[in-house]
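Numbers restart at 1 for each chain; the letters A, B, ... are given by sequence-line order, proteins then strands.
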Amino acid sequence: MRFSRLGLTTLKEVPAEAEIVSHQLMLRAGMIRRLASGLFTWLPLGLRVLRKVETIVREEMDRAGALELLMPAVQPAELWQESGRWDQYGSLLLRMHDRHERPFCFGPTHEEVVTDIARRELKSYRQLPVNFYQIQTKFRDEIRPRFGVMRAREFLMKDAYSFDLDHDGLVASYERMHAAYTAIFERLGLGFRVVDADSGEIGGSRSQEFHVLADSGEDAIAWSDEDDYASNIETAVTLRPDGEPPAPAEELRRVDTPGARSIEELCAALDIAPRQALKTLIVRGTEGPVALVLRGDHELNAIKAAKLPGVADPLELAEADDARGAGAEPGFAGPRGLDCPVYYDHATALMSDFVCGANEPGVHLAGVNFGRDLERPETVDLRNVVAGDPVPGGKGTLSIARGIEVGHIFQLGTKYSEALGATVQDSDGNDVPMHMGCYGIGISRIVGAAIEQGHDENGIIWPAPLAPFDVVIVPINMHRSEAVREAAEALYDELSAAGHEVLLDDRDARPGVKFADAELIGVPHRLVVSDRGLAAGELEYRHRRDAEARMLKREAALDILARG
RNA sequence: CGGGGCAUGGCGCAGCCUGGUAGCGCAUCUGCUUUGGGAGCAGAGGGUCGGCGGUUCGAAUCCGUCUGCCCCGACCA
């Protein structure tokens with residue numbers, strides 16, 4: 001490809017709409033352009049990268065024995081009514097009507113459609129296992145699209161669905177996908193981690209997420225430094241600590257704390273550390289409010305809390321009046337004297353001489369102790385893990401990093417096959433619902449994630465398998481030197497013929513402009529052709545990751561490229 | 001949806017407070033010079049100042065309203 005034919009305009013300045021590096025660089029490099037919130041055009045340069053990801057995913061899915069098909073993006077409402085999700089899915093689902101006023105939606109996912117195919121096509125256990133997949137545009141009407149292609153409303157996704165006769169078969173299919181995903185992310189050259197995850201709305205028993213590690217990631221993931229435990233922080237388990245709290249050293253007393261409604265304000269007012277305070281949250285319950293009590297420096301885990309008996313799911317704070325009805329004063333709530341169920345987090349078990357709300361405006365209690373001022377509580381897992389927490393398996397401690405969720409695999413079980421009547425005959429001639437798994441990869445999100453992981457102040461640094469071109473030829477003064485032109489053209493032809501994806505910067509521009517664009521776009525190998533080098537039979541070579549360029553004999557430079 | 005902000009050529013911004021000729025840098029086009037890290041000079045094109053309504057002799061500027069976009073929260077590949 002000749003640069004002059006690429007139709008590309010790069011930007012020196014960062015468009016104001018872009019918050020994170022990957023979005024900024026994709027705009028600056030001319031990979032994408034925004035059409036509306038969460039909707040993007042992939043320009044030729046960006047599309048080349050998207051296709052690379054797509055190709056690798058397709059090859060590995062095929063290798064794992066999955067069968068590619070292509071389902072409609074637009075789906076009839078009746079299928080969603082059959083599964084019960086037409087009403088459940090909410091406004092994430094883009095709904096529409098055809099000319100006959102029949103309701104449809106733009107598919108956010110394809111469990112319903114694929115299960116419909118399966119119930120029509122799969123009749124016998126002898127046809128199983130089957131894994132159908134597609135690479136297709138999805139639409140989810142996200143409440144807040146952001147970060148460019150990372151959380152777009154329209155995006156490219158690989159979604160796969162496995163069908164097995166029984167649970168054991170499902171587990172085997174699931175393991176095959178786990179292995180295929182691992183192979184995919186390794187081939188893509190991305191640093192990633194697999195973690196246990198909440199199965200969420202989709203339902204089912206087991207689920208794991210594949211995260212590309214990056215500081216800008218929206219998820220926090222925790223893993224063990226000694227065994228293979230790894231989990232999204234949403235589901236990472238905290239343990240009940242061993243031992244007893246220290247004996248009380250202080251008397252229970254009231255302290256005036258006007259205006260100290262948060263832990264931060266309380267600690268500032270009393271000059272204590274957050275871990276010496278108790279945080280009491282009053283949330284909605286199925287029968288009146290429920291109190292959740294945590295150590296002041298810990299964060300409530302809403303997913304864990306919503307699963308506790310008597311707590312409303314999804315988790316919501318109680319109205320102030322409801323809280324007062326249970327004896328709690330919002331902003332100054334504490335467990336003492338409450339008239340509602342109270343859940344204590346494990347970590348509170350070892351606290352002594354702590355501070356908590358007195359359930360009166362402007363007043364807290366200090367020197368509070370369990371066993372004396374409060375009943376010694378049963379504790380539950382309520383909080384997010386923090387770095388240094390013990391690993392649930394018992395060995396080592398947890399580390400925490402941020403990740404971008406690029407893949408998610410689920411064991412669905414029979415939820416959809418039962419709802420839609422997707423059964424096969426087993427060897428005894430009985431109709432049994434198939435056991436399903438589903439497996440997603442965010443193709444377009446991976447492009448953004450790769451940039452989050454690979455960039456510097458000059459632009460993108462692609463992993464080799466994703467680069468839009470693998471080598472860029474920068475001729476110096478090509479438009480004045482016939483020798484340079486001929487050498488550059490010859491090199492271009494030779495490398496192209498050898499199977500390289502070559503970008504020839506044939507623009508009549510100054511070298512600095514070409515260097516800057518080559519680095520912005522992130523082409524891994526750069527060859528500079530100049531009169532100076534030609535006289536010595538040399539080319540200048542520099543890898544995108546190298547600090548300095550070096551002069552090499554032509555053959556030596558070509559040798560580097562040949563080795564990839 | 002709740003809270004906050006912004007909207008002026010393709011991109012980044014100024015002008016608005018205190019109403020009166022729409023401006024700067026980058027990008028684009030032409031010419032000349034230049035040519036190893038985002039060149040210089042000269043010239044050119046491109047904006048109904050987000051839409052609608054109001055106030056006024058006169059609105060980018062003041063008022064109202066709608067829309068779009070961005071940020072913080074819940075959601076997700």
S.K.: Measuring only the P atom in each nucleotide, how far is B:rU28 from B:rG5? A whole number of Å is fine.
M.R.: 37 Å
S.K.: I need the CD-P distance between A:Glu209 and B:rC75, as an integer number of Å.
M.R.: 12 Å
S.K.: Does NZ or CZ of A:Arg445 come closer than 6.0 Å to the centre of the six-membered ring of A:Phe155, within 45° of the ring's axis?
M.R.: no
S.K.: Both A:Glu154 and A:Ala516 contact RNA chain B. Taking the nearest nucleotide for each, which residue is further toward the 5' end?
M.R.: A:Ala516
S.K.: Expressed as a whole number of angstroms, how long is the span from A:Asp508:CG to B:rG31:P?
M.R.: 11 Å
S.K.: Using a 4.0 Å heavy-atom cut-off, does A:Asp141 contact any base of the nucleic acid, only the sugar-phosphate backbone, or nothing at all?
M.R.: nothing
S.K.: May I ask you to say what A:Ala152 touches in the nucleic acid, namely base, sugar-phosphate or nothing, with a heavy-atom cut-off under 4.0 Å?
M.R.: base
S.K.: With a 4.0 Å limit, can you tell me whether A:Lys514 has a side-chain N or O closer than that to the phosphate oxygens OP1/OP2 of B:rG38?
M.R.: no
S.K.: Given the rule in the side-chain hydrogen bond (donor to acceptor under 3.5 Å, both in side chains) test, do A:Asp506 and A:Ser4 qualify, once you have shown the distances and angles that lead to the verdict?
M.R.: CA-CA 6 Å; A:Asp506 59 340; A:Ser4 64; 2.6 Å; yes
S.K.: Side-chain N or O of A:Arg510 versus OP1/OP2 of B:rA39: is the shortest distance under 4.0 Å?
M.R.: yes
S.K.: Should B:rU65 form a Watson-Crick or G-U wobble pair with both distances under 3.5 Å, which nucleotide is its partner?
M.R.: B:rG51
S.K.: Categorize A:Val474 for me: base, sugar-phosphate, or nothing, with a 4.0 angstrom heavy-atom threshold over every strand shown.
M.R.: nothing
S.K.: Would you mind pulling out the nucleotide paired to B:rG58, Watson-Crick or G-U wobble, both distances under 3.5 Å?
M.R.: none
S.K.: Name the residue closer to the 5' end of RNA chain B, choosing between A:Asp531 and A:Met150 according to the nucleotide with the nearest heavy atom.
M.R.: A:Asp531
S.K.: Considering every strand and a 4.0 Å limit on heavy-atom distances, what is the contact class for A:Asp517: base, sugar-phosphate, or nothing?
M.R.: base
S.K.: For A:Val53, which of A:Leu156, A:Val406, A:Val447, A:Ile135 qualifies under side chain to side chain contact (heavy atoms under 4.5 Å, CB included)?
M.R.: A:Val447
S.K.: Taking atom P in both B:rG58 and B:rU48, compute the distance separating them and give it to the nearest angstrom.
M.R.: 22 Å
S.K.: When we call it a touch if two heavy atoms are under 4.0 Å apart, what does A:Gln136 touch: a base, just sugar-phosphate, or nothing?
M.R.: nothing
S.K.: Which base, if any, makes a Watson-Crick or G-U wobble pair with B:rG2, both distances under 3.5 Å?
M.R.: B:rC72
S.K.: If you measure from the P atom in B:rG2 to the same atom in B:rC66, how many Å do you get, rounded?
M.R.: 13 Å
S.K.: Rounding to a whole Å, what distance do you find between A:Leu520:CG and B:rC11:C1'?
M.R.: 14 Å
S.K.: If we take the C1' atom in both B:rG46 and B:rG38, what is their distance in whole Å?
M.R.: 23 Å
S.K.: Could you check if a side-chain atom of A:Leu539 sits within less than 4.5 angstrom of a side-chain atom of A:Val529, using non-hydrogen atoms only?
M.R.: yes
S.K.: Would you call the rings of A:Tyr181 and A:Tyr439 parallel, tilted or perpendicular if under 30° counts as parallel and over 60° as perpendicular?
M.R.: perpendicular
S.K.: Select one nucleotide: of B:rA77, B:rC26, B:rG38, the one nearest the side-chain heavy atoms of A:Glu13.
M.R.: B:rC26
S.K.: Consider the side chain of A:Leu92, meaning its heavy atoms from C-beta on, and name the nucleotide among B:rG38, B:rC75, B:rG12 that approaches it most closely.
M.R.: B:rC75
S.K.: Nearest-Å distance, CG (A:Leu11) to C1' (B:rC26)?
M.R.: 10 Å
S.K.: What is the separation between atom CD on A:Gln24 and atom P on B:rG12, rounded to the nearest whole Å?
M.R.: 12 Å
S.K.: Generate the contact string for nucleotides 66-73 of chain B. Rules: B means base contact, S means sugar-phosphate contact only, - means no protein heavy atom under 4.0 Å.
M.R.: ---SSBBB
S.K.: May I have the distance from A:Glu405 (atom CD) to B:rC76 (atom P), rounded to whole angstrom?
M.R.: 9 Å
S.K.: Need the pair for B:rA77. Rule: Watson-Crick or G-U wobble, both distances under 3.5 Å, any strand; none if unpaired.
M.R.: none
S.K.: Can you run down the ring pair (Phe, Tyr, Trp, His ring centres under 6.0 Å) pairs that involve residues 20-49 of chain A, sequence neighbours left out, and say none if there aren't any?
M.R.: A:His23-A:Phe40
S.K.: Which base, if any, makes a Watson-Crick or G-U wobble pair with B:rC17, both distances under 3.5 Å?
M.R.: none
S.K.: Could you verify whether a donor N or O on one side chain and an acceptor N or O on the other, from A:Ser417 and A:His435, lie under 3.5 Å apart?
M.R.: no
S.K.: Rounded to whole angstrom units, what separation is found between the CD1 atom of A:Ile404 and the P atom of B:rC76?
M.R.: 17 Å
S.K.: Looking only at the side chain of A:Met157 (C-beta and beyond, no hydrogens), which of the listed nucleotides B:rG36, B:rA39, B:rA77 gets closest?
M.R.: B:rA77
S.K.: Distance check, P atoms only: B:rG64 and B:rU55, in whole angstrom units.
M.R.: 15 Å
S.K.: Side chains of A:Ile446 and A:Val212: does their closest heavy-atom pair fall under 4.5 Å?
M.R.: no
S.K.: Please report the distance separating the C1' of B:rU8 from the corresponding atom of B:rU61, rounded so that it comes out in whole Å.
M.R.: 11 Å
S.K.: Cut-off 3.5 Å, side chains only: do A:Asp159 and A:Gln134 have a donor facing an acceptor?
M.R.: yes
S.K.: Tell whether A:Glu519 reaches the base of B:rG37 with its side chain through a donor-acceptor pair below 3.5 angstrom.
M.R.: yes
S.K.: Taking the side chain as C-beta and beyond, is there a heavy-atom pair between A:Val149 and A:Met31 under 4.5 Å?
M.R.: no
S.K.: Rounding to an integer number of Å, can you tell me how far A:Asp505 CG sits from B:rG37 C1'?
M.R.: 13 Å
S.K.: Using a cut-off of 4.0 Å on non-hydrogen atoms, how would the nucleic acid contact of A:Val513 be classed: base, sugar-phosphate, or nothing?
M.R.: base
S.K.: Could you let me know what B:rC26 is paired to, Watson-Crick or G-U wobble, both distances under 3.5 Å, or none if it's on its own?
M.R.: B:rG10
S.K.: When the P atoms of B:rA42 and B:rC26 are considered, how many whole Å apart are they?
M.R.: 12 Å
S.K.: Counting any heavy atom closer than 4.0 Å, what does A:Arg507 reach on the DNA or RNA strands: base, sugar-phosphate only, or nothing?
M.R.: nothing
S.K.: If we call it a pair only when both distances are under 3.5 Å in a Watson-Crick or G-U wobble match, what pairs with B:rA39?
M.R.: B:rU33
S.K.: Among A:Leu552, A:Val472, A:Leu495, which residue meets the side chain to side chain contact (heavy atoms under 4.5 Å, CB included) test with A:Leu527?
M.R.: A:Leu495
S.K.: Does any N or O donor sit under 3.5 Å from an N or O acceptor when you compare the side chain of A:Arg151 with the base of B:rC75?
M.R.: yes
S.K.: Name every residue in residues 476-492 of chain A that has at least one heavy atom under 4.0 Å from any atom of RNA chain B, in order of residue number, or write none if there are no such residues.
M.R.: A:Ile476, A:Asn477, A:Arg480
S.K.: Look at the aromatic rings of A:Tyr541 and A:His525 and report parallel, tilted or perpendicular, splitting at 30° and 60°.
M.R.: tilted
S.K.: Sticking with atom P, work out how far B:rC49 lies from B:rA7, rounded to a whole angstrom.
M.R.: 15 Å
S.K.: Any heavy-atom pair between the side chains of A:Val290 and A:Val283 that's under 4.5 Å?
M.R.: yes
S.K.: Going by ring centres under 5.5 Å and near-parallel planes (under 30°), is A:Phe155 stacked on B:rA77?
M.R.: yes
